[in-house]
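We're numbering straight along the sequence, starting at 1. On a predicted model such as this, the values are computed, not experimentally measured, just so you know.
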Amino acid sequence: MRGPSAPFSQRPKQAKSWLDEARQQRNPLLVEETFRVSTQQHASLEPHAAVARFDGDQLTVHISTQAIHESMEKIAKRYGLPHDKVHVIADHVGGGFGSKGSVGLETIAAIELARAAKAPVRVAFDREEELSVTGYRPAAELKVSLLPSAEGRLKALSLTAHADTGAAVNSLIAGLARLIYPAEAKELVDFDVLSNLPPGAPFRGPGGPPMSFALEQAVDEAALRMNIDPIQLRKLWDPDPNRQRLYDWAAGLDVWKSRNPAASQTGRFRRGVGVAAGYWLYLWQTGSSVELAVEGGRIVASCAVQDIGTGTRSVIANTVASAFDLEPQDIEVRIGRSNLPPGPGSGGSRVTASVVPPTLLAIEKLKAEIKRTASRTPAPGSNAPWREMIAAAPDIAVSARRQEDGKPPPGVRPALHEAGLIGRVFGWVLRLMNHMVVGAGVPSSVQVMEVEVDTWLGHVRVLNAYTGLAVGKLAVPTLARSQAAGAVIQGVGYALYETRETDPLSGHILSGSMEDYRIPGIADMPKLEVHFDEAGFEHVPGGSVGIGEVATVPTSPAIANAIRNAIGVRLTEIPFRPDRLVAALKGRDAA
């Protein structure tokens, strides 16, 4: 075991003192519970795969990757090659969710074998390998102690997380609880439990869903003991302006206003409604560049970024087309090639926030060049002046790098600033070492879930999901909703179905196929309503930030709180298997 690591604690000795005193006094407001979350596999439908080929001193590698430009740089460094001698291609990527953010074993093996064989080599993991050695969201045990004050404020919070990270370190589950619900004192401690198993990997909001699963249930329990509406308690404890607006939206939902009192139902099937909140960091990548060109009367946008199913092509095409009064299909978007202008990796929900601002700068430059070089001006009264000018322009090209954000409004600052000096240092290191900036403002989500519980068989079905998101302006509304839906799907899987099973003696992965590793299917999906609050990020050029991670953080605790509302029993371990639910109800009137 490695730890403790507690850089984001805040007056931890005071927190321990207050909590010890509350235990001795048997304070009825003290909430203490141990929560457990299971290992979640990324389960990308396209496996990790690479094809490598040497043509003289030129190396071409096709990879299923989330970081095409970074992969080129790492491959060049590893093999001592100039950057212009390494060409990485990823035209389409069939899912990653964090597992394809670095140069993996399949890429190294393909390159080594291609060099030795002097022939192209393909390495593709089969499904068992994919579910065994490509990373996962670590299982964790989380011990929570939460103490409200007599005046109803959050006085002390203690969260200790032991993460089953395999052969990996630096889990940061408990530390993430520093950046939500300010308290007078917080003790936040992380441990890594090392084992002779493959290492964990970043997974869509790494550390966020397990932290939220524990903390949001503790907040919900505090609301029950304080006899206060759970949304109103969050409004009282959480000052973030983005989430404040989302709390008002959630409180106005009919399903919330008409929910039954906790555990007031009888009979076999019982319905419950629960709420949970979540956040993620607003990140963008320095050095991200976009080139815009006119080629043969057509606009071409180029960037060494990849599309892992999030719609990066459409984000760029829509941004450019809107500026020139064109249709998105009129824009040719070139991505997926490392020899294009450097772009961001698809991780940390940073692609849109990294790509749209330089695209807007390049648009202004291209407009100026078109006006200067076009051989003719539009006809008087033309309803498509830019189309005519583009057709009359010579082949030209301009480029732009990601600029700094504008000045945020008063009170809006980077989330890491809430962690004091250590947060600022962490942000500085992130920018220096990883070229990522933690911007001002907090992407936020508030979710309300309605579930039906079969108390005889222990089945839980999510009937309706209401997702409120504050992620700025929507670059492509249809794709934004798709991202939100995908996040809920993975959150439902995390709560109800997914867990990796291993042989306790050999460590062999037993859930090594999609028949043995259960992910949600279409029949498991609830009706989904998505509410977008587009305010809060006006200081960001283009006004858009990432959605991929924040949208899945609160799903599992919202489901857990809905189950508690339905049956009066709090389930503390996911997935919520039928046997666990029936055991929790044992001895109670189940029908």
Side-chain angles (χ1 to χ4, degrees), residues 1-37 140-163 170-193 207-226 228 230 233-240 243 276-279 281 415-427 442 553-554 557 570 572:
M1 186 164 66
R2 180 182 181 273
S5 173
F8 291 106
S9 290
Q10 175 188 14
R11 303 174 66 200
K13 291 183 179 179
Q14 184 65 76
K16 292 177 69 173
S17 174
W18 282 337
L19 291 168
D20 286 341
E21 182 182 351
R23 293 185 192 103
Q24 293 170 6
Q25 297 176 352
R26 300 183 183 276
N27 189 326
L29 296 182
L30 175 64
V31 177
E32 292 196 290
E33 188 58 79
T34 298
F35 298 92
R36 294 180 177 85
V37 296
E141 180 183 87
L142 303 102
K143 295 183 179 180
V144 180
S145 298
L146 184 151
L147 178 64
S149 69
E151 297 76 29
R153 297 286 178 176
L154 179 54
K155 186 173 184 179
L157 171 67
S158 175
L159 178 56
T160 300
H162 290 77
N170 293 325
S171 168
L172 189 63
I173 295 175
L176 289 171
R178 175 66 187 271
L179 307 180
I180 189 171
Y181 304 125
E184 294 182 52
K186 288 185 178 183
E187 180 192 28
L188 308 173
V189 184
D190 280 289
F191 290 90
D192 298 308
V193 181
M211 179 279 293
S212 184
F213 178 73
L215 179 59
E216 287 297 305
Q217 287 202 76
V219 172
D220 199 69
E221 188 64 31
L224 289 172
R225 298 187 186 190
M226 298 167 70
I228 184 174
L233 181 60
R234 287 171 171 84
K235 279 181 64 68
L236 177 65
W237 284 0
D238 182 2
D240 183 80
R243 289 191 293 277
Y279 78 94
L281 303 176
L416 284 177
H417 287 196
E418 303 301 326
L421 178 61
I422 188 65
R424 293 173 184 268
V425 171
F426 186 83
V442 183
V553 170
R570 187 166 298 284
T572 59

Heavy-atom distance under 4.5 Å between the side chains of E33 and V144, does that happen here?
no
So which atom in S171 and which in A163 form the shortest heavy-atom distance, rounded to 0.1 Å?
OG-CB, 3.3 Å
Do R570 and D220 have side-chain heavy atoms sitting under 4.5 Å apart?
yes
Looking at G175 and L188, what are the two nearest heavy atoms and their distance?
O-CD1, 4.1 Å
E187 side chain reached by W18 side chain, heavy atoms, under 4.5 Å:
no
Which pair of non-hydrogen atoms, one from A177 and one from L157, has the smallest distance, and what is that distance?
CB-CD2, 4.3 Å
So H162 and F191, would you call those rings parallel, tilted or perpendicular, with 30° and 60° as cut-offs?
parallel
Side-chain donor or acceptor of S149 paired with backbone N/O of L154 under 3.5 Å:
no
What heavy-atom pair brings P239 and P182 nearest, and what distance separates the two atoms?
CD-CD, 3.5 Å
Check ring pair (Phe, Tyr, Trp, His ring centres under 6.0 Å) between Y181 and all other residues, then give those that pass, not counting sequence neighbours.
none
Inter-residue atom distance W237.CH2 - R153.CZ, 0.5 Å rounding:
10.5 Å
Can you tell whether the side chains of E141 and R36 come within less than 4.0 Å, N to carboxylate O?
yes
Measure the spacing between CG of N170 and CG of D190 and express it to the nearest 0.5 Å.
10.0 Å
Shortest non-hydrogen contact between L236 and G152, atoms and distance
CD2-O, 3.4 Å
For the backbone of L416 and the side chain of R178, can you confirm whether one donor and one acceptor N or O come within less than 3.5 Å of each other?
no
So do Y279 and V553 actually touch side chain to side chain, heavy atoms under 4.5 Å?
no
Are more than 12 heavy atoms from other residues, nucleotides or ligands located less than 6.0 Å from atom NZ of K143?
no
How close do P7 and I422 get, counting heavy atoms only, and between which atoms?
O-CG2, 3.4 Å
Rounded to the nearest 0.5 Å, how far apart are CG of L147 and CZ of R23?
9.5 Å
Got a second to check how far I173's CD1 is from L159's CG, nearest 0.5 Å?
8.5 Å
Quick check for you: to the nearest 0.5 Å, what is the distance between E216 atom CD and R234 atom CZ?
4.5 Å
Please confirm whether the backbone N or O of I180 pairs with a side-chain atom of D240, one donor and one acceptor, at under 3.5 Å?
no
Could you check whether E32 and S145, counting side-chain N and O atoms only, form a donor-acceptor pair closer than 3.5 Å?
yes
Just so I know, are the side chains of V442 and L179 near enough to count as touching, which here means a heavy-atom distance under 4.5 Å?
no
Look up atom CE in M211 and atom CG in L176, then write down how far apart they are to the nearest 0.5 Å.
5.5 Å
